[in-house]
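In what follows, a structure is listed as C-alpha cells, so that the remarks can point back to it.
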Amino acid sequence: MTEEEWLTGTNPTPMLALLRSNSSVRKLRLFACTCVRTVWDDSWPERCKDVVYTTELFVDGRATENELNRARSRACQASRPAIGAMRGKVDSAAAQVFEFQLIFAAEAAAPNSQLRHRITVRYGQWFHYHINNPLISVMPTVLRDIFGNPFRPITFSPSWRTDTVLALAAQMYSSRDFSAMPILADALQDAGSDSAEVLDHCRGPGPHVRGCWVVDLVLGKD
C-alpha cells in the first residue's frame, strides 16, 4: 500500500493489512470498539456491550486482564443465541452486520498475543466479503483518525501540552464528544504548534473517535 492509497482509499482491508505487523494494540482495540459501537442498539445483549465497555477500561488501565477475559467469555456465550434469533427476521445485510458486531465485540478483548491477527485479518476478511455494506464506508476514515498517517510519523513537542490543550483533549477523550477539535487546533497553535498535519486534522471534517491520533499525542497515549 502506498501513502496516497492510505490517505484516499475507501477499502479498509488493505489498510488493516498494513497495520498487521507493528500497530499499537491499544489503538486496534479502540478501532474494534468503534466498529461495534457504530451500529449497536437497544436490542443488543448487555453482555456484548459490556465487553466493549470493559475493553475501553482495560486500554486505560482501569480494568484487569482477568476482567477482560471474563467479559470476553460472557460475550461469546451471549452472541450465539442472539445471532440465532436474528436470522430470518431481518434482511440479510442487516443480519450480516449484526452477526459481525456480536462476534467481533469479543475480538476487541482478545489476548495481546492474538489481537493483531484477530483484528487485522478477521476484520479485514469480513470487510472484503461485505465491501458493499454501508458499515464499510466509514471504516477507512476511522482508521485514519486513529492511526494517522503511518508513512509520516509526527513529532509532538512537549511544549504544546499547555493546561488548556490538555484539558480540551482530556474532556473530549472522556466524553466522546469531539466537537471541540477546532478549538483544540487554536489552542495548539497558541502553544506554538506549526504542524500542518496536526492542525489540519483538528480542523478537518472528522469523524473523530476515541483513539484519535492527535488527542492521543496530546495525552501521551500510544
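Owing to the predicted nature of the structure, the values given are computational and were not obtained by experimental measurement.
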Next item on the list: Locate the shortest heavy-atom distance separating Leu219 from Ala170; write the atom from each residue and the value.
Entry: CD2-N, 3.9 Å
Item checked: side-chain contact (heavy atoms from CB on, under 4.5 Å), paired with Phe31, selected from Asp145, Leu143, Val36, Leu19 -> Leu143
Notebook entry, point to check: Roughly how far apart are Lys49 NZ and Thr54 OG1, rounded to 0.5 Å?
Noted result: 14.0 Å
Notebook entry, point to check: Honestly curious: do Met1 and Ile131 fall in one hydrophobic cluster under the side-chain, below-4.5 Å linking rule?
Noted result: yes
Note to self: Could you check whether any side-chain heavy atom of Val51 comes within less than 4.5 Å of a side-chain heavy atom of Arg74, counting everything from C-beta outward?
What the structure shows: no
Next item on the list: With the side chain counted from C-beta on, respond yes when Met139 and Thr38 share a heavy-atom pair under 4.5 Å apart, and no when they do not.
Entry: yes
Note to self: Please find the pair of heavy atoms, one from Leu168 and one from Ala180, that lie closest to each other, and give the distance.
What the structure shows: CD2-CB, 4.3 Å
Notebook entry, point to check: Would you call Asp222-Lys27 a salt bridge at under 4.0 Å N-O?
Noted result: no
Margin query: So Asn149 and Glu197, do their side chains get closer than 4.5 Å, heavy atoms only?
Written below: no
Next item on the list: Report the distance from atom OG of Ser24 to atom CG of Leu30, rounding to the nearest 0.5 Å.
Entry: 8.0 Å
Note to self: Treating Arg118 as the side-chain partner and Ala109 as the backbone partner, does any N or O pair qualify as donor plus acceptor under 3.5 Å?
What the structure shows: no
Next item on the list: Say whether Tyr123 and Trp6 are linked into one hydrophobic cluster, either directly or through other cluster members, by side-chain heavy-atom distances under 4.5 angstrom.
Entry: yes
Notebook entry, point to check: Any sub-3.5 Å donor-acceptor pair from Glu67's side-chain atoms to Thr64's backbone N or O?
Noted result: yes
Next item on the list: Could you check if a side-chain atom of Arg20 sits within less than 4.5 angstrom of a side-chain atom of Arg116, using non-hydrogen atoms only?
Entry: no
Item checked: Polar side-chain atom of Thr13 near backbone of Gly124 as donor-acceptor pair, under 3.5 Å -> yes
Next item on the list: Only pairs at least two apart or in different chains count here, so list each ring pair (Phe, Tyr, Trp, His ring centres under 6.0 Å) that has a residue in residues 48-69.
Entry: Trp40-Tyr53
Checklist line | Parallel, tilted or perpendicular: rings of Phe178 and His208 (30°, 60°) | finding: tilted
Note to self: Hydrophobic clustering (ILVMFWY, side-chain heavy atoms < 4.5 Å, transitive) - are Val121 and Leu28 grouped together?
What the structure shows: no
Margin query: Can you tell me how far apart CG (Asp216) and NZ (Lys221) are? Round to the nearest 0.5 Å.
Written below: 7.0 Å
Notebook entry, point to check: So, does Ser73 use its side chain to make a donor-acceptor pair with the main chain of Asn69 at under 3.5 Å?
Noted result: no
Item checked: Rounded distance [0.5 Å steps], CE in Met181 versus CG in Leu199 -> 10.5 Å
Note to self: Nearest 0.5 Å, please: how far is NE2 in His201 from CD1 in Ile154?
What the structure shows: 10.5 Å
Item checked: From Thr34, Thr55, Asn112, residue fulfilling side chain to side chain donor-acceptor pair (under 3.5 Å) relative to Arg29 -> Asn112
Notebook entry, point to check: Should we count CD of Glu65 as having more than 12 external heavy atoms under 6.0 Å?
Noted result: no
Notebook entry, point to check: Any side-chain heavy atom of Val209 within less than 4.5 Å of one from Cys212?
Noted result: no
Check: Can you check whether Asp186 reaches Arg203 side chain to side chain, under 4.5 Å on heavy atoms?
Finding: yes
Margin query: Within the 3.5 Å criterion, strictly below it, is a donor on Ser159 or Ser157 matched to an acceptor on the partner's side chain?
Written below: yes
Next item on the list: Write down the atom of Arg210, the atom of Ser174, and the distance for their closest heavy-atom approach.
Entry: NH2-O, 3.2 Å
Note to self: On a heavy-atom basis, which atom in Ile136 and which in Pro12 lie closest, and how many Å separate them?
What the structure shows: CG2-CD, 3.5 Å
Next item on the list: Search all heavy atoms of Val215 against all heavy atoms of Tyr173 and return the closest pair with its distance.
Entry: CG1-CB, 4.2 Å
Notebook entry, point to check: For Trp160, what residues pass the ring pair (Phe, Tyr, Trp, His ring centres under 6.0 Å) criterion, not counting sequence neighbours?
Noted result: Phe156
Item checked: Euclidean distance, Ile183 CD1 relative to Gln171 CD, rounded to 0.5 Å -> 11.0 Å
Next item on the list: Would you mind checking if Arg176 and Glu56 are paired as a salt bridge, meaning a charged N to carboxylate O distance below 4.0 Å?
Entry: yes
Next item on the list: Of all the heavy-atom pairs spanning Cys35 and Phe127, show the shortest one and how long it is.
Entry: SG-CZ, 4.2 Å
Check: Mind checking whether Leu16 and Phe151 sit in one hydrophobic cluster, side chains of I, L, V, M, F, W, Y counted as touching below 4.5 Å?
Finding: yes
Notebook entry, point to check: Can you find a heavy atom in the side chain of Phe147 that is under 4.5 Å from one in the side chain of Trp213?
Noted result: no
Notebook entry, point to check: With a 4.5 Å heavy-atom cut-off, do Cys202 and Leu188 have their side chains touching?
Noted result: yes
Next item on the list: In plain terms, say whether Glu107 and Arg72 are close enough for a salt bridge, that is, a side-chain N and a carboxylate O under 4.0 Å apart.
Entry: yes
Check: Between Leu217 and Met172, is there a shared hydrophobic cluster once you connect ILVMFWY residues whose side-chain heavy atoms come closer than 4.5 Å?
Finding: yes
